[in-house]
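Read the structure below first, then the notes.
Whatever order the structure lists ligands and atoms in, that order sets their numbers, starting from 1. Quick caveat: nothing in here was measured; it's all calculated off a predicted structure.
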Amino acid sequence: MAAIVNKETCVGCGACVDACPCGALSLGDGVAVVSDDCAACGACVEACPTDSITVE
Ligand code: SF4
Ligand code: SF4
């Protein structure tokens with residue numbers, strides 16, 4: 001289980017980066033990138049204004 005970012009709809013706003021309690025999100029090339037530190041908590045899913053993150 002880990003967060004998956006839809007690079008087609010992510011606008012690089014950084015809201016998910018601020019919301020992640022694990023420091024698992026960063027911005028790269030204008031989109032959010034998930035690291036191996038993701039704990040699949042779902043906080044970023046709630047924070048994203050464009051519904052670009054799912055936890056699978
Ligand atoms: S699911 Fe939780 S731990 Fe994983 S990237 Fe999103 S906020 Fe961070
Ligand atoms: S909150 Fe959503 S739109 Fe904003 S950087 Fe994260 S994934 Fe992209």
Do [X] and [Y] belong together in a cluster built from hydrophobic side chains that touch within less than 4.5 Å?
{"X": "Met1", "Y": "Leu25", "answer": "yes"}
{"X": "Val31", "Y": "Val55", "answer": "no"}
{"X": "Leu27", "Y": "Val45", "answer": "yes"}

For the student: nearest non-hydrogen atoms of [X] and [Y], plus distance:
{"X": "Thr9", "Y": "Thr50", "result": "O-OG1, 3.5 Å"}
{"X": "Glu56", "Y": "Thr54", "result": "OE2-OG1, 3.3 Å"}
{"X": "Ala43", "Y": "Ala19", "result": "CB-O, 3.9 Å"}

With sequence neighbours left out, what residues match [X] under side-chain contact (heavy atoms from CB on, under 4.5 Å)?
{"X": "Asp37", "answer": "Ala24, Ser35"}
{"X": "Ala39", "answer": "Cys22"}
{"X": "Val5", "answer": "Cys10, Ala32, Val34, Ile53"}

**Neighbouring protein N, O or S atoms of atom 8 (Fe) of ligand 1 [cut-off: under 2.8 Å, no waters]** = Cys20 SG
**Message:** Can you tell me which residue among Ser52, Ser26, Cys44 is in a side-chain contact (heavy atoms from CB on, under 4.5 Å) with Cys16?
**Reply:** Cys44
**Fill in**
Residue, atom and distance of the protein heavy atom nearest atom 4 (Fe) of ligand 2 read Cys13 SG, 2.3 Å
**Message:** To check your reading of the model: name the closest protein heavy atom to atom 8 (Fe) of ligand 2, its residue, and the distance in Å.
**Reply:** Cys10 SG, 2.3 Å
**Request:** Give a yes or no on whether Cys48 keeps an N, O or S atom under 2.8 Å from atom 2 (Fe) of ligand 2.
**Result:** yes
Please list, in number order, the atoms of ligand 2 under 4.0 Å from a heavy atom of [X].
{"X": "Gly12", "value": "5 (S), 8 (Fe)"}
{"X": "Ile53", "value": "7 (S)"}
{"X": "Val11", "value": "3 (S), 8 (Fe)"}
{"X": "Pro49", "value": "1 (S)"}
{"X": "Thr50", "value": "2 (Fe), 3 (S)"}

**Request:** Determine, using heavy atoms of Ala47 and all atoms of ligand 2, whether some pair is separated by less than 4.0 Å.
**Result:** no
